[in-house]
Undergrad: 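Mind having a look at this structure? Questions to follow.
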Amino acid sequence: MFLSVVMPAYNEQEAIEAVVLDHFRFLEKMGDRVPHWEVVCVDDASRDRTPEILRILSESEPRLRVVRHENNQGIFAAFTRCYREARGTHVYVTGSDGQWPPENLAPMLDRLAAGASLVVGVRVNRREVYTVARRLISYCYNQLPFILFGVRVQDAGSCKLGVREIFLFDLISTSPFFEAERIIRASRQGYRVDFVPISFGARSGGKATGGSWRNILNSLRDVFRCVAVYGLRGR
């Protein structure tokens, strides 16, 4: 296995160094299971010290590759660039905000070894971290794919581990719904999708933007576009 650990970053100066170094340490401990790996970080035109911190880290660690967008392109473009830059046979996508401990990778590797093609981490402690409004948005986001397409995604916006080809799907969505669409398409194409509970913490800094009204409206637009292409469940 050659594992690409990928993470987008935008104004994460408070957390990015610790996140990258924590993943280095954990991956080195996992050398018997993951002998070959890289960390790919796509900086989506951060305006704080994130680019400088990543530059310094990459100078001392050749297994860190940093890609920078000159202009902020948003969630979809940042994740898509991460996936396209990945060189591994398998991809693990996580966050750069300090909310996703690298130890989450271990149980996901177990499921991969058991035959899963895509493993989705499920945040079981959302109540402790998110506001009621954010939990409601997440609930609707994760229920719609089952209601409309008959596919359970459980926690589509969470960390994922899987074979590279799933992360290179040519998707319809260009909003945060694209990760739900990825799971829908993988399931419909016969890939085995598993779910495992993971640890999830509060932000140490930066600002979350996933639950913005703009992202919500764009996601709803993409839901209807996916219905037009994939059809409703049972059709």
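Computed from a prediction, not measured in an experiment: that's the story for all the values here.
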Undergrad: Where the side chain of Ser60 meets the backbone of Leu57, is there a donor-acceptor pair that is under 3.5 Å apart?
TA: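 Here the side-chain-to-backbone pair exists.
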
Undergrad: For Pro101, is there any backbone N or O sitting under 3.5 Å from a side-chain donor or acceptor partner on Asn104?
TA: yes

Undergrad: Any donor-acceptor pair under 3.5 Å linking the side chain of Arg68 with the backbone of Pro51?
TA: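 Answer holds: no.
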
Undergrad: Parallel, tilted or perpendicular: which fits the ring planes of Phe178 and Phe79, with parallel below 30° and perpendicular above 60°?
TA: tilted

Undergrad: Under 3.5 Å, is there a donor-acceptor pair between the side chain of Asp44 and the main chain of Asn72?
TA: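 Flag not set: sc Asp44 to bb Asn72 has no pair under 3.5 Å.
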
Undergrad: When you measure from the side chain of Thr94 to the backbone of Cys159, do you find a donor-acceptor pair of N or O atoms at a distance under 3.5 Å?
TA: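 No, the answer is negative, given that no donor and acceptor are paired below the 3.5 Å cut-off.
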
Undergrad: Under 3.5 Å, is there a donor-acceptor pair linking the side chains of Arg182 and Ser187?
TA: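 The criterion, which ignores hydrogens and geometry beyond distance, is not satisfied for Ser187 and Arg182.
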
Undergrad: Hey, do the aromatic rings of Phe200 and Trp100 have their centres closer than 6.0 Å?
TA: yes

Undergrad: Spell out, as yes or no, whether a donor-acceptor pair under 3.5 Å connects the side chain of Asp155 to the backbone of Arg123.
TA: yes

Undergrad: Tell me if a side-chain donor or acceptor on Ser46 pairs with a main-chain N or O of Asn11 at a distance below 3.5 Å.
TA: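 Flag set: sc Ser46 to bb Asn11 pair under 3.5 Å.
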
Undergrad: Can you confirm whether Leu232 sits close enough to Phe149 that some side-chain heavy atom of one is under 4.5 Å from a side-chain heavy atom of the other?
TA: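 A side-chain contact is absent here, since even the closest heavy-atom pair is not under 4.5 Å.
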
Undergrad: Under a 4.5 Å cut-off applied to non-hydrogen side-chain atoms, are Val19 and Asp22 in contact?
TA: no

Undergrad: Less than 6.0 Å separating the ring centroids of Trp37 and Phe24?
TA: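 Centroid distance Trp37-Phe24: below 6.0 Å, so yes.
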
Undergrad: Heavy atoms, side chains only, cut-off 4.5 Å: are Val5 and Val40 in contact?
TA: no

Undergrad: Does the side chain of Val6 reach to within under 4.5 Å of the side chain of Glu85, using non-hydrogen atoms?
TA: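 The answer is no, as the side chains (C-beta and beyond) never meet within the 4.5 Å cut-off.
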
Undergrad: Taking only Lys NZ, Arg NE, NH1 and NH2, and the carboxylate oxygens of Asp or Glu, determine whether Arg185 and Glu181 approach each other closer than 4.0 Å.
TA: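 Answer for the salt bridge query: no.
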
Undergrad: Salt bridge or not between Arg63 and Glu28? Use side-chain N to carboxylate O under 4.0 Å.
TA: yes

Undergrad: One pair to check against side-chain contact (heavy atoms from CB on, under 4.5 Å): Tyr10 and Asp97. What are the steps and the verdict?
TA: CA-CA 9 Å; Tyr10 179 65; Asp97 50 18; over 6 Å; no

Undergrad: Distance alone, cut at 3.5 Å: any donor-acceptor contact between the side chains of Ser4 and Glu38?
TA: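 Yes, a side-chain donor-acceptor pair sits under 3.5 Å.
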
Undergrad: Got Val153 and Phe146 here, is their nearest side-chain heavy-atom distance under 4.5 Å?
TA: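 The answer is no; the side chains never approach within 4.5 Å.
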
Undergrad: Quick one, Arg65 and Val39 - any side-chain contact, counting heavy atoms below 4.5 Å?
TA: no

Undergrad: Are Phe2 and Leu109 joined in one hydrophobic group, where the rule is that I, L, V, M, F, W and Y side chains link up if heavy atoms are under 4.5 Å apart?
TA: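 Cluster IDs for Phe2 and Leu109 differ.
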
Undergrad: Check whether Arg87 reaches the backbone of Leu3 with its side chain - one donor and one acceptor, N or O, closer than 3.5 Å.
TA: no

Undergrad: Below 4.5 Å, heavy atoms only, C-beta onward: do Asp222 and Leu220 meet side chain to side chain?
TA: no

Undergrad: Quick check: does any side chain N or O of Thr89 sit under 3.5 Å from a backbone N or O of Met1, one acting as donor and the other as acceptor?
TA: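 A pair under 3.5 Å: no.
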
Undergrad: Ignoring hydrogens and geometry, is there a side-chain-to-backbone donor-acceptor pair from Gln99 to Gly201 under 3.5 Å?
TA: yes

